[in-house]
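Numbers for residues simply follow the sequence, beginning at 1.
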Amino acid sequence: MQRFIIEMGMGNDLYGRDYTKAAARAIEDAIRHSSIPMFEALGIDHAAMEVRVTVGVQAPDAVDCDALRDGLPRGKVSVRAVHGGLNVTNPDSGSITVIASAAVEAFLPAGLVRAAGGGA
């Protein structure tokens, strides 16, 4: 598989300490402005694309990776949570803001784009 795109994003949950919500917002931030016209232009089926998502939060075990995977619109999606992101404590109230980071990578089989485009 050949990576052809990587997008990064950041998301947070201000009051609920919900790591999945923060991760979902980070993924949305990463893909919000993405558009990949080559699929239509070259006649490539979106099903050929593999999407690998990595989210970083302070409590990776608290992330529902299946729910995040189900929220992505195209391709064969895998999601993994790793230690990263930030927890920021409000010194006045003690409440914790959860901040997540996300990397969304898209892959196609090596040579597929070349074959669809008629060689190069």
Side-chain angles (χ1 to χ4, degrees):
M1 298 297 277
Q2 176 68 48
R3 183 175 72 179
F4 68 96
I5 192 168
I6 181 169
E7 298 284 350
M8 286 74 63
M10 189 274 300
N12 61 65
D13 183 33
L14 295 174
Y15 303 108
R17 204 170 182 177
D18 186 327
Y19 292 93
T20 301
K21 182 187 285 186
R25 289 176 174 169
I27 293 167
E28 181 182 339
D29 182 49
I31 65 173
R32 177 174 292 166
H33 303 289
S34 292
S35 177
I36 309 171
M38 72 177 214
F39 287 96
E40 185 176 345
L42 299 176
I44 299 171
D45 187 344
H46 283 96
M49 179 174 59
E50 185 177 303
V51 179
R52 299 177 197 166
V53 177
T54 306
V55 292
V57 295
Q58 287 292 295
D61 292 340
V63 175
D64 183 346
C65 291
D66 292 335
L68 296 174
R69 184 187 67 238
D70 293 343
L72 284 148
R74 304 231 191 301
K76 298 174 199 126
V77 180
S78 63
V79 177
R80 70 185 181 110
V82 299
H83 188 263
L86 291 170
N87 283 353
V88 179
T89 304
N90 180 328
D92 299 321
S93 67
S95 66
I96 294 174
T97 297
V98 172
I99 303 172
S101 57
V104 180
E105 300 173 275
F107 295 79
L108 285 170
L112 180 62
V113 174
R114 218 176 349 212

Colleague: Do S93 side-chain atoms and S95 backbone N/O form a donor-acceptor pair below 3.5 Å?
Modeller: yes
Colleague: Out of the candidates D13, D64, V57, only one should pair with T20 under the side-chain contact (heavy atoms from CB on, under 4.5 Å) rule; please name it.
Modeller: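 Of the listed residues D13, D64, V57, the side-chain contact (heavy atoms from CB on, under 4.5 Å) partner of T20 is D64.
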Colleague: Would a 4.5 Å heavy-atom cut-off, applied to side chains only, mark F107 and R52 as touching?
Modeller: yes
Colleague: Who passes salt bridge (Lys or Arg N to Asp or Glu O under 4.0 Å) against R74, sequence neighbours left out?
Modeller: none
Colleague: Can you tell me which residue pairs pass the salt bridge (charged side-chain N to carboxylate O under 4.0 Å, His left out) test with a partner in residues 76-95, sequence neighbours excluded?
Modeller: none
Colleague: Below 30° counts as parallel, above 60° as perpendicular, anything between as tilted: where do the rings of F4 and F39 land?
Modeller: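 Answer is perpendicular, since the angle exceeds 60°.
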Colleague: Hey, does V53 have a side-chain heavy atom less than 4.5 Å from the side chain of V55?
Modeller: yes
Colleague: Going by heavy atoms in the side chains, are V104 and I6 under 4.5 Å from each other?
Modeller: no
Colleague: A100 and A26: which non-hydrogen atoms are nearest, and at how many Å?
Modeller: O-CB, 3.7 Å
Colleague: Give me the other members of the hydrophobic cluster that V88 sits in, counting Ile, Leu, Val, Met, Phe, Trp and Tyr linked by side-chain heavy atoms under 4.5 Å, directly or via other members.
Modeller: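 V88 shares its hydrophobic cluster with M10, L86, I99.
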Colleague: So T97 and N87, do their side chains get closer than 4.5 Å, heavy atoms only?
Modeller: no
Colleague: What do you reckon, is OH of Y15 surrounded by more than 12 foreign heavy atoms closer than 6.0 Å?
Modeller: no
Colleague: Considering non-hydrogen atoms only, spot the tightest contact between G9 and A30 and give its length.
Modeller: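 Result for this residue pair: N-CB, 3.7 Å.
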Colleague: Donor-acceptor pair, Q58 side chain versus G84 backbone, under 3.5 Å?
Modeller: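 Yes: the side chain of Q58 pairs with the backbone of G84.
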